Structures are given as structure tokens and as C-alpha cells.
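For reference, the structure is listed below as C-alpha cells.
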Amino acid sequence: MRQRFVVRRGYSRLTSKIRVRMAPSPTGYLHLGTARTALYNFLYARRHQGDFALRLEDTDEVRSDEAYTADILDGLKWLGINWDEGPDIGGPYPPYRQTEKTDHYEQVARKLITSGKAYFCYASAEELDALREGQKAANQAPRYDNRGRHYTQAQIEQFEKEGRAPVIRFKVEDDRVITWHDAIKGEISINSSDIGGDMVIVKSSGIAIYNFAVVIDDIDMKMTHVIRGEDHIHNTAKQILIYEALGVQHPVFAHVPLIFDMDRQKLSKRKHGEAVHISKYRRDGYMPEAIMNYLAQMSWTPADGREIFTIEEACAMFDLERVSKSPAVFDIKRLEWFNSHYIRSLPLSTITDRCMPHLATFDLKAYTRPQIEEIVASVRDGLPALHEISKQVSFFFADKVDLTSEMTEVLKKDSSKAVLSQVQTKLTSFPWGDSKGCKATVDAIGKELSVKGKDLYWPIRIALCGATSGPDLGSVLSILGEQRVKARIEAILQPC
RNA sequence: GCCCCCAUCGUCUAGAGGCCUAGGACACACCCCUUUCACGGGUGCGACGCGGGUUCGAAUCCCGCUGGGGGUACCA
């Protein structure tokens, strides 16, 4: 038997339990990209029998909102993504919201100050803006000039007297190459001179900055892998420096490619509005199974190449090595294909339940639950999303149908009148509730009158549906039932 | 500007030097099935960005170019 031995970096970590996390910031509704990153973390944890934690990065005092937190947690659960630890259920390394750890971050920051790795900086916002503008005008990369390292005691006293609240900055030494082996991208190197000078780790408000808090949390929570979007690559370089200063080995990093729009730009709220939010698809009648499946396969292909899979199957197959390095374009047509696949293959009762919100404008009491299920069954095959169902089934609930001139033309024909009258007189011989039988009865009438094809079916369909196309005619008759069929045909024949 | 990442059909991708006259899926077109619309089946359209290497042989490895994207805050 042949065997392949692969030496992997970070192997020693694999001997301990895998721990990953998703750390959304509640500054907006659940985003497609956030959902996919969460999904990949979740799948990775399940694949390796590891732990998946959810943590809230709510240190942005201005933009954070509880409504967003609720939307994010709810949306992830809806997609089938469950966490083992989180702000709602707790866990072994609490708290799971950064705002509840502000003292802790500050304590760590002070330790860095004591060891000379960080310092107070009193530069004002105006001062820094001016610095940046000058650099920009000179066509230089904007960066902090580390001026705060050289304050004299007198200057500091002066700043304090003016009431200036300092930030804490972490010292970033120039010309160091920061390198790591990314589990998706491979080797990545960034020069420390290119990350903008000494970085703020605690704002003047006393709240830790993301790049600092995230490192402390990942250390506190014993994360072994950090799987996140590739827009974080430069942050990773900064964070590695902090891990070093704290004397902790950094986790394995994996940067997932972004999701683009058709113009190959990052999907963003600003440009795409509601279309980036999971909640929009949820409202429009997209199946969580479809969104999960679509999101999972857009940058990852299972080893066996299958494209349709459940979240459980993905849990058994997911693999960072098979995640693509290049961005994927969000293609609504492909999502619709996945969605229609699940709409027609999930149990009818499930689909019917999920259709209910989209049928709320109709008088549902007109039908029994089994009949509603038949209505759903009659149109589900062609539905790209559930919200389209209402216009396709409205005729089932309408008192009378609207006719176009083309349809009235059809009804004027003698054969049409003959067909409709015959249906009317034979009403009692229809096996209501049996779609195949109803269809057979229509065919028998056709034979009797020597009418077939469109001449036979169109008048009936028009009278019942007010359309020349729609669900199977046998189903329509069967579901509508004797009373409604009678009334509708009467209404059509009346004026003649 | 500077830094980093990326590069196969319109889109998602398969592809680990010969299995590639590059495979699958979505979309599109046509055909079949079908009273209609779908579903299903079939056919077609359609890609290795460019230039240099390395090699007997390159979509695959190396370099350069070009293109695209991301980052560059007291946001996350």
C-alpha cells in the first residue's frame, strides 16, 4: 500500500482540539460574506470534531446596534449554523462580547506599556489629519510618524493640562518581514514598514481597537485557527506582531476569498443595498438549504465534485485545502437554480409551511390544508423563489378571472362554448380530488365533441385560471372542486 | 501613491507536467417529452490574459508584463 506523508506546518496544534470562531461586528444586518465565513468556520469545526464559538466584536460604539446582533444570530441559525459557545449560550471562555472585556484589554495594554512595547500618544485628530494630508500631497503612503514615542515630560504635562485624552499605541519596528503560512493562500509576507507606523490599540475613549481586542480574545479563547475574509490580510500582519509582543504563538490563519458582484467588486451595502443581506433572501422565499449550499460551493468544491449537498454532508467533507484562492462572483441565477432545486425536492409539507407567509393575502380558509398543499405542489416545480408563488396561485383564490382580448377571442369560438357547456352538464361525473381522473374526464368530453388539444384545454383553462398557461389542468380542476368550477364556467357562459 | 492578494467558458468551477482535440454545473439557443408553463432528457454556443523561460512535453513550474481586486482610521 502506498502512503503519502505530508509535513504540515502547525502540526503540533492539530494534536489538540480544533477551535475556531466567527466574530461578527453588529454594525449591520447579516451579510452574505459574513454568513459564508461563518459557514466555513462551522464546517471546519464539525469536520474535525472541534469547537465553534460565536463572539461579538461590538467595540464600535457608534455603529453597533442590538437589532443587528439579533439579525445576525437569527440569520445564522436559520442557515443551520450552530455554535457551541456564544453570547447567548455562554461557554468556557466568557464573556463573548468585547464590550464586556474593556477592562481586560486595557490591563493587557498597560502591561505592554510597562514592558516598553506600547505608549500613550496625545496626537489630536486634527494633527493626524494634517500629517496624512501632507503625506498624500507628497504622494507618499500615509503613515503615523511615531511622534508620540518622543514626547518630553513637559509636553506630556502640557497635554494633560489641556485635557487631551491619549490613545495607546503599539510600537511597530520598521523593516521586519512578517511571514506566515496561510492555510488557503500559502506563504504571505508583509513588511512591517508598510503597515502604517505605531498602531493604536486603545482609543482615547478607553475602548480597545479591533486589531488588539481580537488577538486577546483569540488567545483567551484558545483559538487554533482563524478563518476570515481576505480583506483582513494586512490586519493579520499587525496582529502577528501583537501575538509576538504577548509571547504567544499565533493560530493558523486562513484567508477566504471575497464575494464579488457582477462588476467584480466586493459585495457591499453601499452599492448593493438589501441584496447583500441574508434577511432579504429569507423574506423572498429562498430556502436556507439553498443559500447554505450555494455559499458553500462558491469558493469550495467537495473532493467528489458534487454540487448539491446538505449541511451535514458538507460537515463531513469540508476541507480548507480545496478552498479557492480567487474571488467568486455572486450570481443570482445560480442561487435561483439551487433554490428551485430545494423547492421541488424538500417535503411538500415543509415547502407549504414556508409558502404560508407568501400566501397571507389570500383567504386561506377557502381550502383545507391538504388542498393548500396540492396548490403548492401544482406550481412548485417552476418556482425560482417562494415569493413568486402568490401571482401563480392567485386564481385559486380569486372570485372572478380577468380576461385579455386574446382570451375572449378564444372563448367566442363555438367549440369553446360547446366544451364549457359540456363540462358544466357533466359536473357531477368529475372525480373531484383526483387530478388524473379530472384530466381523463376532460379528455373523454373532448372525444365526445371531437375536440382536442388547445381547442379543448384552452377554454377550460381560461375560464378557470384567466390565463392560457399555468398548472396542470387536471390539478386545477381537482383542487378548485365542483362548486368553484361551476361558478366560474357559469360566469363565462352567462354573457353569451 | 504605497502594500498585499488573485488570474481556466458570461458566471461557479475540475485540473497537482503527458490521461486535455481542457471536463462538469448555471445562464443562453435549439430539439425531444408535453394542451400551456415548468420539470426531465439531448444537442449547440463558449475559456487556459500576454510575453519570455525550464522541459522531449506546460492550463499546470519560474520570471516579467498586463488586468482585476483588497487594504492603507482613535471602523470592524
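Model, not experiment: these values are computed from the prediction. Naming: A, B, ... by sequence-line order, numbering from 1 per chain.
Protein atom CZ of A:Phe330 is 13 Å distant from nucleotide atom P of B:U13, rounded to whole Å. As a whole-Å value, the separation of A:Glu126 CD from B:A73 P is 17 Å. Straight-line distance from the CG atom of A:Asp129 to the P atom of B:A73: 11 Å, rounded to whole Å. As a whole-Å value, the separation of A:His232 NE2 from B:G71 P is 10 Å.
Of the C1' atoms belonging to B:C74 and B:U66, the separation is 39 Å, rounded to the nearest Å. B:G18 and B:C5 have their P atoms separated by 27 Å, given to the nearest Å. Comparing B:G10 with B:U72, their P atoms sit 32 Å apart, to the nearest whole Å. B:G49 and B:G44 are spaced 25 Å apart, taking the P atom of each and rounding to whole Å. Straight-line distance between the C1' atoms of B:U54 and B:C61: roughly 8 Å, to the nearest whole Å. As rounded to the nearest Å, B:C26 and B:G64 have C1' atoms that lie 36 Å from one another. With P as the reference atom, B:G42 and B:C4 are 49 Å apart, rounded to whole Å.
A cation-pi arrangement is present between A:Arg169 and A:Tyr144, with the terminal nitrogen or guanidinium carbon under 6.0 Å from the aromatic centre and inside a 45° cone about the axis.
Partners of A:Tyr105 under the ring-ring contact (aromatic ring centres under 6.0 Å, His included) rule, at least two apart in sequence or in another chain, do not exist in this structure. Residues meeting the ring-ring contact (aromatic ring centres under 6.0 Å, His included) test with A:His277, sequence neighbours left out: A:Tyr29. For the side chain to side chain contact (heavy atoms under 4.5 Å, CB included) test, no residue two or more places apart in sequence or in another chain qualifies with A:Lys447. When the ring-ring contact (aromatic ring centres under 6.0 Å, His included) test is applied to A:Tyr210, the partners found at least two apart in sequence or on another chain are A:His232. Under the ring-ring contact (aromatic ring centres under 6.0 Å, His included) criterion, A:Phe396 pairs with no residue, sequence neighbours left out.
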Each nucleotide N or O in nucleotides 25-28 of chain B that has a protein N or O under 3.5 Å away: list the pair and distance.
from, atom 1, to, atom 2, distance (Å)
B:A25, O4', A:Glu307, OE2, 2.5
B:A25, O2', A:Glu307, OE2, 3.3
B:A25, O2', A:Arg334, NH1, 3.2
B:A25, N3, A:Arg334, NH1, 3.2
B:C26, OP1, A:Trp337, NE1, 3.4
B:C26, O4', A:Arg334, NH1, 3.2

Return the polar atom pairs (N/O with N/O) between nucleotides 61-66 of chain B and the protein under 3.5 Å, or none.
none

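Across all strands shown, B:G46 has no partner, as no Watson-Crick or G-U wobble contact with both distances under 3.5 Å is found. The pairing partner recorded for B:A7 is B:U66, the criterion being a Watson-Crick or G-U wobble arrangement whose two distances lie under 3.5 angstrom.
Sorted by first and then second residue, the salt bridge (Lys or Arg N to Asp or Glu O under 4.0 Å) pairs with a member in residues 22-33 of chain A form an empty list; sequence neighbours excluded. Applying the salt bridge (Lys or Arg N to Asp or Glu O under 4.0 Å) definition to pairs two or more places apart or across chains, those involving residues 130-139 of chain A are A:Asp129-A:Arg132. Here ring-ring contact (aromatic ring centres under 6.0 Å, His included) pairs that include residues 450-475 of chain A, with residues two or more places apart or in two chains, number zero. Sequence neighbours left out, not one pair with a member in residues 376-392 of chain A passes side-chain hydrogen bond (donor to acceptor under 3.5 Å, both in side chains).
Side-chain to base pairing of A:Arg344 with B:C39: no donor and acceptor N or O lie closer than 3.5 Å to each other. You'll find a donor-acceptor pair under 3.5 Å spanning the side chain of A:Ser204 and the base of B:C74, going by distance alone.
Among the nucleotides B:U35, B:C75, B:C12, the one closest to the side chain of A:Ala328 is B:C12. When distances are taken from the side chain of A:Tyr457 to each of B:U35, B:C12, B:A76, the shortest belongs to B:U35. Residue A:Asp231 places its side chain closer to B:G70 than to any other of B:G70, B:A76, B:C37.
Checking the phosphate oxygens (OP1, OP2) of B:A76, no side-chain nitrogen or oxygen of A:Thr27 falls inside 4.0 Å. OP1 and OP2 of B:A14 both lie 4.0 Å or more from every side-chain N or O belonging to A:Arg306. Residue A:Lys203 places at least one side-chain N or O under 4.0 Å from the OP1 or OP2 atom of B:C75.
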Would you mind building the protein contact string for nucleotides 2-9 of chain B? One character per nucleotide, 5' to 3', B for base within reach (heavy atoms under 4.0 Å), S for sugar-phosphate only, - for untouched.
SBSSSS--
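Residues A:Ala123 and A:Arg322 each lie close to RNA chain B; by heavy-atom proximity, the contact nearer the 5' end of the strand is made by A:Arg322. Ranked by how close their nearest RNA chain B nucleotide is to the 5' end, A:Ser25 and A:Tyr294 are led by A:Tyr294.
In this structure, A:Phe159 has its ring center no closer than 6.0 Å to that of A:Phe120. A centroid separation of 6.0 Å or more is found between the aromatic rings of A:Phe330 and A:Phe260.
Atom CZ of A:Phe170 sits about 7.0 Å away from atom CD1 of A:Ile201, to the nearest 0.5 Å.
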